[in-house]
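In what follows, chains carry the letters A, B, and so on, assigned in the order in which the sequence lines appear, proteins first and then strands, with residues in each chain numbered from 1.
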Amino acid sequence: MHDIYDFVSGPMVWVSLIIFAAGCIYRFISMALLAKEKDPFLYNYMSPYHALRSIFHWLTPFGSENMRKNPVFTIVAFSFHICVVIAPLFLFAHIILIKQSWNVSWWFISDTMADIMTLIVIASCVFFLIRRIVRPEVKFLTSASDYIILAMVAAPFITGFWTYHQFAGCRIMGIIHILSGEILLAAIPFTRLSHMIFFPISRGYIGSEFGAIRHAKDW
Amino acid sequence: MAESVKNAAAEITDAGIVGGAAKLTPEKIEKVINNVLKAEGGARLKTYVDICAHCGLCSEACHFYLSHDNDPKFSPAGKVKQTVWEIIKKKGRVDVEFIKRASEIASTECNLCRRCVMYCPFGIDIAYLLLTVRRICHKLGITPQYIQDTAHSHSATANQMWVKEDEWIDSLMWQEDEARAEIPDLRIPLEKEGADIFYSVIGPEPKFRAQLIYQAAVIMHVAGMNWTMPATPGWDNSDMCMFTGDFEMMARLKKIHFESAARLKVKKIVMGECGHAFRSVHDVGNRALSWKMPPIPVIHAIEFYYELIRDGKIKIAKKFDKPVTFHDPCNTVRGRGLHEMGRYVANATCETLIEMHPNREHNYCCGAGGGVINCGPPYKMSRIDGDKIKAEQLAAVKAKGAQTIIAPCHNCHGGLEDLIHHHKLDMNIKFLGDIIYETMEKPE
């Protein structure tokens with residue numbers, strides 16, 4: 001058990017971090033080069049003002065017509081995205097581990113807050129799952145990969161909550177927690193989760209098209 | 001509902017699709033698809049397919065989806081799933097039946113109105129994805145027959161309606177003659193080098209709606225504009241090739257149009273009340289010719305009329321007294337943000353303007369645009385059924401008292417007329433030019 005723990009909390013951390021960082025850089029650069037080769041006009045039409053205007057509107061809760069039409073989804077989606085990033089980055093236990101290993105640390109949130117945020121992420125994943133099954137227009141678009149990705153996102157949070165609260169089998173859960181977190185991190189650049197990298201680009205581009213060329217809103 | 005869609009799919013009778021499909025083999029399909037994806041499907045296509053979260057949030061944007069009682073097959077991403085995703089997943093190894101249906105989905109069940117683009121959180125240009133499918137279908141030769149015939153007319157005559165050169169000049173002289181009965185010194189100046197304005201229209205104007213040229217001439221005359229129209233091909237600014245995916249021909253058409261204006265050394269191009277032609281000249285065709293923006297400034301009639309009224313060049317004698325509503329064409333609103341200028345003109349010329357909802361950038365499509373009405377009789381009923389939501393929107397604004405719909409776009413007129421007729425809405429449709437002509441001060 002210790003060996004496995006040492007392995008997933010040692011070299012595997014490095015492996016996943018490197019895959020994540022290098023993967024993001026690779027995806028970004030290769031897409032930028034492909035755009036340069038095949039769609040060079042994308043660069044010409046990018047308008048920083050209109051790109052930021054569009055991104056700003058879509059990062060503001062209820063900042064677009066569609067968000068106002070789907071208030072529940074909007075609240076869940078925003079809470080989910082905020083919590084899924086904040087909770088792991090500012091969790092006390094994570095920061096302690098990082099401080100022990102690399103002697104760097106930063107601000108952290110209270111454990112109660114972390115618990116609440118974790119539960120929000122888990123509940124959001126359940127919401128997304130139910131929505132995927134129940135709503136015909138979402139179900140029609142769904143393939144197995146959508147469920148796998150959802151499970152990959154939910155897993156580190158479920159297992160993390162489990163481990164922190166020391167439910168039965170928390171040792172093995174702790175290992176699964178670390179491993180699932182690593183898998184998630186490594187998967188970001190190579191799955192639909194890559195919208196983390198490409199959201200600002202696709203949003204910014206269409207914002208530029210709508211704003212600078214077509215003089216229209218895109219929200 | 002799913003059943004009826006399946007049946008519809010099984011009964012593709014369009015001569016262009018059926019005839020084209022008869023000449024196809026799976027090998028040819030695979031080769032053409034991969035050529036298009038490799039040569040033209042760049043970073044945009046790849047990113048859009050990679051990041052789509054399959055969330056379905058685009059669904060409610062689509063009038064086809066809403067009109068088919070939320071049938072997911074008609075949602076924007078649903079249409080992409082049935083076409084682009086399959087094609088990419090199978091690396092082009094799709095069969096003839098699949099590609100027949102793909103042609104029908106892309107050409108007749110999507111108006112490329114880009115409303116869904118405003119509803120996708122990632123800003124995925126779904127219209128671009130379905131246009132890529134049309135491009136593939138064009139290269140495979142399975143474009144619906146009627147719109148392909150229009151594209152052939154473009155190729156042969158550089159206009160949409162098989163109008164011959166002498167017929168074009170004749171039509172202008174005929175309209176000039178008619179208008180001179182009303183305003184004796186009116187001219188439709190042909191080939192006037194150095195004029196300020198090059199006025200271009202779409203093929204259907206001389207063919208079916210010649211009175212629009214008459215009205216435009218009266219407006220130009222009264223406003224004291226220094227304008228001209230070419231006596232050569234290049235007078236037609238329309239572009240069905242843009243919608244069939246025949247991008248080579250699209251570029252040629254825009255070249256003839258811009259070069260005619262350049263030859264006459266005009267300061268700007270003013271276009272008649274057409275939406276898709278404006279999209280082609282202002283936004284798409286110029287890019288095909290490697291111009292970031294049009295080489296000669298291009299102004300849609302809405303903006304032109306707005307300027308004329310704002311600057312006092314046209315004065316209104318008596319406002320139009322029946323309550324009107326304003327329909328924002330996709331290509332002038334999501335294509336150029338002309339909604340407030342349109343309302344300025346409507347308010348200046350009409351006593352009462354009642355808004356339909358949704359409106360402005362969020363207006364529902366007329367169902368005809370994007371070349372869908374040009375796919376002709378085989379798809380007339382699927383087009384009308386696919387835009388039930390528009391009829392409901394019109395019925396609601398009619399209930400508030402609106403009798404006349406102002407729609408500054410030819411395609412919208414076609415689509416709205418069919419909806420009004422089918423749903424017995426008893427409303428009439430006008431161009432801004434119709435209203436201005438009716439209400440303006442004219443010389444005695």
Return the option, out of A/Trp58, A/Phe41, A/Phe199, A/Tyr45, with the maximum number of heavy-atom pairs under 4.5 Å with chain B.
A/Tyr45
Option that, when pairs with chain A are counted at under 4.5 Å, heavy atom only, ranks first among B/Arg114, B/His282, B/Glu40:
B/Arg114
Do you know which of A/Arg132, A/Glu37, A/Arg135, A/Lys69 has the most heavy-atom pairs with chain B at a distance under 4.5 angstrom?
A/Arg132
Of all of B/His339, B/Arg279, B/Met118, which one pairs up most often with chain A through heavy atoms under 4.5 Å apart?
B/Met118
Quick check on A/Tyr205 against chain B: is it the side chain, the backbone, both or neither that has a heavy atom closer than 4.5 Å?
side chain
Structural part of B/Thr47 lying under 4.5 Å from a heavy atom of chain A:
both
Name the member of B/Arg334, B/His54, B/Lys81, B/Arg360 that forms the most heavy-atom pairs with chain A at distances under 4.5 Å.
B/His54
B/Val49, B/Val117, B/Asn70: which one forms the most heavy-atom pairs within less than 4.5 Å of chain A?
B/Val117
May I ask you to say whether A/Arg53 pairs ionically with A/Asp218, meaning some side-chain N is under 4.0 Å from a carboxylate O?
no
Sidechain N-carboxylate O distance under 4.0 Å for B/Asp50, A/Arg27
yes
Could you go through the side-chain contact (heavy atoms from CB on, under 4.5 Å) check for A/Phe210 and A/Lys217 one step at a time?
CA-CA 6 Å; A/Phe210 268 78; A/Lys217 295 188 301 184; over 6 Å; no
Under a 4.5 Å heavy-atom cut-off, does chain A meet the side chain of B/Ala61, its backbone, both or neither?
neither
Check whether A/Phe73 gets within reach of chain B through its side chain, its backbone, both or neither, counting any heavy atom under 4.5 Å.
side chain
Is it the backbone or the side chain of A/Ile213 that comes under 4.5 Å from a heavy atom of chain B, or both, or neither?
both
Heavy-atom pair count under 4.5 Å with chain A, highest-scoring of B/Gly337, B/Ser290, B/Cys58, B/Gly56:
B/Gly337
I'd like to know if B/Glu361 and B/Arg115 make a salt bridge, using a cut-off of under 4.0 Å between side-chain N and carboxylate O.
no
Parallel, tilted or perpendicular: which describes the rings of B/Phe64 and B/Phe74, with under 30° parallel and over 60° perpendicular?
parallel
Table please: side-chain donor-acceptor pairs of residues 150-162 of chain A below 3.5 Å, with sequence neighbours left out.
residue	atom	partner	partner atom	Å
A/Thr159	OG1	A/Ala155	O	2.7
A/Thr159	OG1	A/Pro156	O	3.2
A/Thr159	OG1	A/His177	ND1	3.3
A/Trp162	NE1	A/Ala168	O	2.8

Taking distance alone, no hydrogens or angles, what donor-acceptor pairs closer than 3.5 Å link side-chain atoms of residues 60-67 of chain A to residues at least two apart or in another chain?
residue	atom	partner	partner atom	Å
A/Thr60	OG1	A/Phe56	O	2.6
A/Ser64	OG	A/Met67	N	3.2
A/Glu65	OE1	A/Arg68	NH2	3.4
A/Asn66	OD1	A/Asn70	ND2	3.0
A/Asn66	ND2	B/Leu57	O	2.9
A/Asn66	ND2	B/Tyr119	O	2.7

Electrostatic pair B/Glu392-B/Lys388, nearest N-O below 4.0 angstrom
no
Most heavy-atom pairs under 4.5 angstrom with chain A, which of B/Pro121, B/Gly78, B/Ser75?
B/Pro121
Options A/Asp146, A/Leu193, A/Leu33, A/Thr142, ranked by heavy-atom pairs under 4.5 Å with chain B, top entry:
A/Asp146
So, do A/Trp219 and B/His362 have ring centers that fall under 6.0 Å from each other?
no
State whether the side chain of B/Lys79 and the backbone N or O of B/Glu109 hold a donor-acceptor pair below 3.5 Å, judged by distance alone.
yes
Given that the side chain runs from C-beta out, which part of B/Val333 has a heavy atom under 4.5 Å from chain A: side chain, backbone, both or neither?
backbone
